[in-house]
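One structure below.
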Amino acid sequence: MSENNTTGDTSTYVDMDESTQQLPPIDFNADRFPFSIVWTPIPMLTWFFPFIGHMGICMSNGVIRDFAGPYFVSEDNMGFGRPARYLRLSPKNVEGGSLMWDEAVSKASVLYGTRMHNLFCDNCHSHVATALNFMRYRGSSWNMVKLAAWIFFCGRYVGVMGFIKTWLPFLIVVTLCTLLGVYF
């Protein structure tokens with residue numbers, strides 16, 4: 001009896017790694033972004049500097065965790081409103097897969113629940129970077145500057161409203177400053 005499949009039928013041979021790499025779907029209406037980093041503008045600050053905003057990281061089930069203030073990690077209610085951008089990541093880049101993903105996000109959230117929020121050096125971006133470092137995502141070392149650049153250049157908008165929410169206030173500020181500069 002030959003072990004070769006001469007009929008060309010490959011349905012009996014399933015690559016388990018391929019089937020487990022399928023990511024759960026994103027539910028934009030319920031703000032569920034499994035295995036993602038999410039970002040939303042911060043009023044006033046993002047209006048002048050559109051690359052600065054508020055960041056959170058999502059569990060494997062899509063629940064958002066974000067360091068929203070001193071000694072407080074929010075769950076499923078971002079500090080500055082619904083996400084405007086997201087960056088989908090893959091648990092295959094985590095040592096330990098999706099279980100380690102959730103463990104690392106939970107561990108970072110517990111740690112940041114004991115910390116004072118500092119806008120410049122220990123903030124929501126630091127919380128996300130710590131989670132990625134705990135899970136050894138891509139074997140890299142993460143920090144808030146790297147994450148800000150990554151979400152700014154690679155993040156996707158959560159529809160047209162995400163784009164408008166990010167860029168319209170900035171465009172209004174630039175237009176007003178230009179008009180004031182020209183006419184006064």
Side-chain angles (χ1 to χ4, degrees), residues 23-24 26 28 30-158 162-163 165-167 169-170:
L23 294 174
I26 291 174
F28 294 100
D31 290 334
R32 292 284 188 263
F33 300 86
F35 301 108
S36 299
I37 296 171
V38 292
W39 181 94
T40 193
I42 298 173
M44 299 288 288
L45 192 55
T46 308
W47 299 356
F48 292 94
F49 306 103
F51 54 88
I52 296 175
H54 182 66
M55 185 177 284
I57 189 165
C58 302
M59 304 288 286
S60 62
N61 63 1
V63 172
I64 301 168
R65 298 267 182 97
D66 65 304
F67 184 37
Y71 313 109
F72 180 66
V73 176
S74 174
E75 184 171 303
D76 234 12
N77 190 14
M78 284 189 81
F80 292 94
R82 298 180 71 188
R85 300 181 89 173
Y86 69 98
L87 182 63
R88 196 86 192 256
L89 306 181
S90 175
K92 73 178 185 174
N93 294 319
V94 175
E95 294 178 17
S98 60
L99 289 176
M100 184 58 186
W101 177 284
D102 284 343
E103 185 178 321
V105 173
S106 295
K107 191 175 173 183
S109 297
V110 167
L111 175 65
Y112 273 80
T114 66
R115 290 195 170 175
M116 183 67 178
H117 191 279
N118 182 314
L119 186 62
F120 299 106
C121 61
D122 205 13
N123 54 35
C124 57
H125 288 59
S126 305
H127 169 247
V128 173
T130 299
L132 293 176
N133 287 330
F134 282 160
M135 66 180 77
R136 295 184 183 96
Y137 191 78
R138 289 188 175 173
S140 187
S141 178
W142 299 94
N143 61 49
M144 61 185 191
V145 174
K146 223 175 176 180
L147 285 173
W150 200 22
I151 195 86
F152 187 76
F153 291 110
C154 300
R156 301 183 78 178
Y157 290 98
V158 182
F163 181 84
K165 187 176 170 182
T166 303
W167 291 103
F170 174 72

- With rounding to the nearest 0.5 Å, note down the distance linking CG in Leu87 to CD1 in Ile151. 5.0 Å
- Message: In the structure I gave you, are the side-chain heavy atoms of Phe152 and Arg85 within less than 4.5 Å of one another anywhere?
- Response: yes
- Straight-line distance of Asn93 CG to Ser140 OG, nearest 0.5 Å: 11.0 Å
- State yes or no: are the ring centers of Phe35 and Tyr137 separated by less than 6.0 Å? no
- Task: Would you check if Ile26 and Pro34 make a side-chain contact, meaning some heavy-atom pair closer than 4.5 Å?
- Result: yes
- Message: Counting the benzene-type ring for Trp, do Phe72 and Phe67 have ring centres under 6.0 Å apart?
- Response: no
- Heavy atoms of Arg115 and Leu111 approach each other most closely as CG-O, 3.6 Å
- Message: Does Phe28 have more than 12 heavy atoms from other residues, nucleotides or ligands lying within 6.0 Å of its CZ?
- Response: yes
- Query: Of the non-hydrogen atoms in Lys165 and Arg82, which two are nearest, and what is the gap between them?
  - Reply: NZ-O, 2.6 Å
- Task: Could you go through the side chain to side chain contact (heavy atoms under 4.5 Å, CB included) check for Ile57 and His127 one step at a time?
- Result: CA-CA 8 Å; Ile57 189 165; His127 169 247; 4.1 Å; yes
- Message: Ring-plane angle category for Phe170 and Trp167, please: parallel below 30°, perpendicular beyond 60°, tilted otherwise.
- Response: perpendicular
- Query: Where is the tightest heavy-atom contact between Ser141 and Lys146, given as atom of each residue plus distance?
  - Reply: O-NZ, 2.8 Å
- Message: Treating Asn133 as the side-chain partner and Trp142 as the backbone partner, does any N or O pair qualify as donor plus acceptor under 3.5 Å?
- Response: yes
- Counting N and O atoms only, with roles assigned by atom type, does the side chain of Thr130 sit under 3.5 Å from a partner on the main chain of Val128, one being a donor and the other an acceptor? no
- Under the side chain to side chain contact (heavy atoms under 4.5 Å, CB included) criterion, do Leu89 and Leu132 qualify, and how do the steps go? CA-CA 10 Å; Leu89 306 181; Leu132 293 176; 4.0 Å; yes
- Sequence neighbours excluded, which residues qualify as side-chain contact (heavy atoms from CB on, under 4.5 Å) partners of Thr46? Trp39, Pro41, Ile42
- Item | Gap separating the CE atom of Met55 from the NE2 atom of His125, nearest 0.5 angstrom | 3.5 Å
- Message: Quick one: does any side-chain atom of Asp66 pair with a main-chain N or O of Cys124 as donor and acceptor, under 3.5 Å?
- Response: no
- Query: For the residue pair Gly79 and Ala68, what are the closest heavy atoms and their distance?
  - Reply: CA-CB, 4.2 Å
- Item | Geometric class of the Phe80/His54 ring pair [parallel <30°, tilted 30-60°, perpendicular >60°] | perpendicular
- Message: Quick test of your reading: applying side-chain hydrogen bond (donor to acceptor under 3.5 Å, both in side chains), list the pairs with at least one residue in residues 96-106, sequence neighbours left out, ordered by first then second residue.
- Response: Ser60-Asp102
- Query: Looking only at heavy atoms, which two atoms of His117 and Gly69 are closest? And how far apart?
  - Reply: CB-C, 3.7 Å
- For the side chain of Ser90 and the backbone of Lys92, is there at least one donor-acceptor N/O pair under 3.5 Å apart? yes
- When every non-hydrogen atom of Val145 is compared with those of Asn143, the smallest separation belongs to N-OD1, 3.0 Å
- Message: Within a 6.0 Å radius of atom CZ on Arg88, are there more than 12 heavy atoms belonging to other residues, nucleotides or ligands?
- Response: yes
- Task: Would you indicate whether the side-chain heavy atoms of Glu75 and Ser109 approach each other to under 4.5 Å?
- Result: no
- CA sep, side-chain torsions, deciding dist, call: Met116, Tyr71, side chain to side chain contact (heavy atoms under 4.5 Å, CB included): CA-CA 6 Å; Met116 183 67 178; Tyr71 313 109; 3.9 Å; yes
- Query: Tell me, do Ser126 and Leu147 make a side-chain contact under 4.5 Å, heavy atoms counted?
  - Reply: no
